[in-house]
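First the proteins, then the strands, lettered A, B, ... as listed; each starts at 1.
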There are 2 protein chains.
Amino acid sequence: MVSDAESAPVFAKPVTLREVAVSAGVSVATASKALNGQGRMTAETRERIRETARLLGFRPNSLAQSLLRRRSFTVGLLTNDTYGRFSLPLMAGVSDALVDNGVSVFLCNVEDDTRLGQLHVEAMLDKRVDGIIATGKRIDRHLPVDLANLRVPVVYAFTQPDAGAVGFVSDDADGARLAVEHFCRLGRRRIAHVSGPASFAVVNTRAGAYRAVLQENNLPAIEPLLGAWSEAWGHEAVAKLFGGRGERPDAVFCGNDQIARGVIDALRERGIRVPDEVGVIGFDNWEIVAEATRPPLTSVDMNLASLGREAGLALLSLVDGQPAAPGIRKLPCRLVVRQSCGSPPE
Amino acid sequence: MVSDAESAPVFAKPVTLREVAVSAGVSVATASKALNGQGRMTAETRERIRETARLLGFRPNSLAQSLLRRRSFTVGLLTNDTYGRFSLPLMAGVSDALVDNGVSVFLCNVEDDTRLGQLHVEAMLDKRVDGIIATGKRIDRHLPVDLANLRVPVVYAFTQPDAGAVGFVSDDADGARLAVEHFCRLGRRRIAHVSGPASFAVVNTRAGAYRAVLQENNLPAIEPLLGAWSEAWGHEAVAKLFGGRGERPDAVFCGNDQIARGVIDALRERGIRVPDEVGVIGFDNWEIVAEATRPPLTSVDMNLASLGREAGLALLSLVDGQPAAPGIRKLPCRLVVRQSCGSPPE
DNA sequence: CCCAACTGAGAAAACCTTTTCCCAACCCTT
DNA sequence: AAGGGTTGGGAAAAGGTTTTCTCAGTTGGG
């Protein structure tokens with residue numbers, strides 16, 4: 001006869017430490033100590049308890065442990081760009097660093113909604129997260145949430161930290177340098193720069209480094225072309241750079257990969273060969289774009305995953321009570337060379 | 001004089017129910033009941049306790065509540081595609097549905113690593129998640145983790161469910177129909193289909209629906225061209241379709257947006273006008289691609305966010321003990337019309 | 001005036017684990 | 001044989017909340 005209970009899935013009740021203790025014929029205290037390698041008892045007793053626990057499939061209830069230890073091995077990841085391409089590798093890095101330490105991550109997407117943000121933060125605090133990592137879609141903007149004076153440590157990654165806090169961002173000047181210096185080494189002499197809107201801090205940072213490298217190498221200064229982060233702007237910029245009668249660039253350093261793609265497509269449409277006549281380097285190393293351009297795009301990678309990892313580890317040591325000097329730490333970029341920038345001259 | 005304590009941030013201790021009770025001059029029991037609207041007491045007492053709690057900034061400790069209620073208001077989101085473009089809107093939907101119900105989400109990226117997957121699942125179970133949502137990058141593959149016979153309910157979204165489980169996927173046949181029927185309505189007569197590898201179930205599903213619609217409309221059958229999910233394959237396919245001396249298609253339905261972009265670019269390079277001479281429709285509605293094609297790409301959207309939302313709500317009702325019929329539920333797609341498919345004939 | 005019913009609130013158990021303190025038994029020394 | 005140290009293990013508190021049970025006092029009806 002089949003019982004009614006079978007019609008709905010019935011979920012097994014977890015086995016508790018008490019049950020292990022009873023089954024092994026000891027007290028819960030002893031059982032706890034046996035499993036945690038604490039206290040004193042005969043090796044035989046300890047082993048018997050462990051075996052019993054194994055047999056019963058005992059797993060300690062983290063909730064109870066956390067309640068007692070005042071440490072939940074849980075952190076919150078707050079972002080207003082959960083589904084953008086910057087946050088993703090960054091979140092992967094954070095997650096990696098934490099998971100290796102037995103810490104789980106609450107993902108909270110707050111969009112640009114202050115109310116939603118506060119809601120999430122309070123929910124996380126109620127759930128006794130050990131700390132919070134804040135990430136965003138822009139290095140030069142604050143999240144729409146006030147994270148100062150929380151009762152847990154906060155680390156910022158790829159977003160503007162509050163005063164006195166710890167933050168990690170990419171070193172955009174370094175990234176731009178990497179690209180422009182690479183062009184110099186390849187013997188390019190007229191290097192242009194096409195980037196996004198001037199309202200982005202990174203646009204100015206990168207443009208500054210671009211100018212500096214040109215000067216250091218005694219190359220002609222070309223005023224950076226600032227526009228949008230789009231392919232369309234890449235097309236437009238090529239029209240400006242290559243449409244006139246003036247001397248043409250032999251290299252274009254682009255503010256992101258989409259602009260770079262637009263530039264490459266526009267150059268091809270004008271019959272200008274990449275990389276033979278003009279080299280192109282992008283920024284972000286967004287693989288799906290960089291590998292689809294013809295030829296595949298050399299691009300600056302911001303190492304967002306390691307940035308996330310660093311942030312995760314920093315938070316962990318903060319949680320452990322290690323003080324950390326406040327301030328923004330810049331992490332270096334990396335140039336991923338593909339085929340759009342040409343080979344060194346023989 | 002500045003105390004040493006100021007050098008390191010010291011985090012305020014949360015206030016407990018006991019403190020509220022003492023402060024209001026009642027027992028913890030009464031305080032609890034006052035705040036939860038339970039029990040019986042004078043309106044005056046209740047109000048006084050509430051006011052005290054508000055003043056003290058009392059927030060109940062979720063850990064303690066969860067321990068008692070055997071319900072943590074926490075679920076795990078398991079994915080092997082955390083950082084791919086399918087999971088993202090899906091996760092947003094899941095998250096939305098759950099957050100509205102006060103449930104937090106543990107994000108777990110298991111890649112294709114069975115060991116890592118089991119580790120994550122056990123960690124979540126230890127943390128007493130109320131349920132688990134499994135999502136992946138392919139509708140026709142299982143996650144590398146065994147989620148059958150867990151002690152919590154599991155719902156699958158955009159990944160193959162285990163036997164007897166509840167799963168949600170997009171209705172790819174519906175999506176393909178939407179696209180091909182749209183072409184038919186626009187008066188296109190020779191509709192080609194360029195898609196990904198035959199090893200993907202969706203490729204066959206969509207190709208099947210494509211053939212069916214052609215037949216229903218008495219249009220000539222053209223054997224689908226199966227290749228890769230890339231722009232390059234789109235170029236190649238155009239060479240095959242438009243390179244010979246045979247009759248040329250006047251519409252191409254593509255298996256994803258990248259192929260579609262390749263097709264559109266290749267057509268332009270051949271001087272074939274889109275949408276005047278050939279209409280193109282993509283699949284996935286990956287906005288960043290769809291909006292960068294020239295002209296912007298009409299594409300089938302799988303409504304992944306609502307798929308995620310449905311999955312979240314289904315899990316919630318499962319957690320509440322409402323039984324759900326096992327099986328795969330297919331959710332309809334939606335055609336997002338841009339400019340690559342042309343207007344209806346006058 | 002007595003009993004029943006109701007009212008407002010508290011005591012205590014429960015959830016599960018960890019840790020401190022304590023105790024009984026044993027061994028050794030003098 | 002008495003005193004002290006050691007050994008193996010248990011009792012109980014703690015962590016913060018919810019819920020059931022209990023109870024003293026008050027009100028109402030007969």
Side-chain angles (χ1 to χ4, degrees), chain A residues 11-50 52-53 56-74 102 123 125-130 151, chain B residues 11-50 52-53 56-74 102 123 125-130 151:
Chain A
F11 302 109
K13 219 171 84 238
V15 6
T16 70
L17 185 59
R18 148 169 266 102
E19 293 167 326
V20 173
V22 169
S23 175
V26 296
S27 71
V28 281
T30 306
S32 171
K33 284 180 284 198
L35 297 176
N36 294 315
Q38 305 290 320
R40 284 177 322 202
M41 68 199 68
T42 57
E44 188 271 328
T45 305
R46 195 181 291 274
E47 197 39 54
R48 176 164 46 89
I49 296 173
R50 290 204 162 142
T52 310
L56 264 45
F58 169 75
R59 310 240 17 174
N61 184 332
S62 287
L63 257 31
Q65 291 181 319
S66 302
L67 187 58
L68 202 53
R69 292 181 176 152
R70 287 192 199 71
R71 173 91 195 267
S72 64
F73 287 92
T74 286
L125 254 28
D126 288 348
K127 288 186 170 132
R128 294 305 189 265
V129 292
D130 296 331
R151 57 169 193 254
Chain B
F11 301 109
K13 217 171 87 243
V15 4
T16 69
L17 185 60
R18 147 167 268 103
E19 293 168 323
V20 173
V22 168
S23 176
V26 295
S27 69
V28 280
T30 305
S32 170
K33 284 179 286 197
L35 298 176
N36 295 315
Q38 304 291 318
R40 284 179 319 200
M41 66 199 68
T42 57
E44 187 272 328
T45 306
R46 194 181 293 274
E47 197 39 54
R48 175 165 44 90
I49 297 173
R50 290 205 162 142
T52 311
L56 264 46
F58 168 74
R59 309 239 19 172
N61 184 332
S62 288
L63 257 31
Q65 292 181 319
S66 302
L67 187 58
L68 200 53
R69 292 181 174 154
R70 287 189 201 72
R71 176 89 195 269
S72 65
F73 287 91
T74 285
L125 256 26
D126 288 348
K127 286 183 173 135
R128 294 304 189 265
V129 293
D130 296 332
R151 59 170 191 252

Quick check: do A:V26 and A:R48 have side-chain heavy atoms less than 4.5 Å from each other? yes
Let me know, please, whether B:A64 or B:T30 comes out on the 5' side of the other along DNA chain D by nearest nucleotide. B:A64
Less than 3.5 Å between a donor and an acceptor, one on the side chain of B:R18 and one on the base of D:dG16, is that the case here? no
Nucleotide nearest B:Q65 when distance is taken to its side chain, options D:dA11, D:dG15, D:dT18: D:dT18
Counting side-chain heavy atoms from C-beta on, which of D:dT18, C:dC16, C:dA9 comes nearest to B:R69? D:dT18
Minimum heavy-atom distance between A:V20 and A:L56, given as atom pair plus value: CA-CD2, 4.0 Å
Base, sugar-phosphate, or nothing for A:S66, non-hydrogen atoms under 4.0 angstrom? nothing
The side chain of B:A29 is closest to which nucleotide in this list: C:dT17, D:dG16, C:dA11? C:dA11
For the pair made of NZ in B:K13 and P in D:dA14, what is the distance, rounded to whole Å? 14 Å
Can you work out whether B:V26 or A:Q38 has the more 5'-proximal nearest nucleotide on DNA chain C? B:V26
Any base atoms under 4.0 Å from A:S32, or only sugar-phosphate, or nothing? Heavy atoms, all strands. base
A:L67 CG - C:dT18 P separation (whole Å): 12 Å
What's the CZ-P distance between B:R46 and C:dT7, to the nearest Å? 14 Å
Rounded to whole Å, how long is the line connecting atom CG of B:L17 with atom P of C:dA11? 14 Å
Output for pair (A:R46 CZ, A:R40 CZ), nearest 0.5 Å, gives 11.0 Å
Rounded to whole Å, please give me the gap between CZ in A:R59 and P in C:dT17. 12 Å
Write down the distance between CZ (A:R71) and P (C:dT17), rounded to a whole number of angstrom. 20 Å
Base, sugar-phosphate or nothing for B:T42? Non-hydrogen atoms, less than 4.0 Å. sugar-phosphate
Rounded to whole Å, the CZ-P distance (A:R70 to C:dT17) equals 18 Å
Check whether any side-chain N or O of A:R151 sits under 3.5 Å from a backbone N or O of A:L125 as a donor-acceptor pair, and report yes or no. yes
Does a side-chain N or O of A:N36 approach OP1 or OP2 of C:dT18 to a distance below 4.0 Å, or not? yes
To the nearest angstrom, the CD1-P distance between B:I49 and C:dG10 comes to 8 Å
Among D:dA14, C:dA9, D:dA11, which nucleotide sits nearest the side chain of B:M41? C:dA9
Is B:K33 side chain donor-acceptor paired with the C:dG10 base, going by distance under 3.5 Å alone? yes
Between A:A31 and A:A21, which heavy-atom pair has the shortest distance, and what is it? CB-CB, 3.9 Å
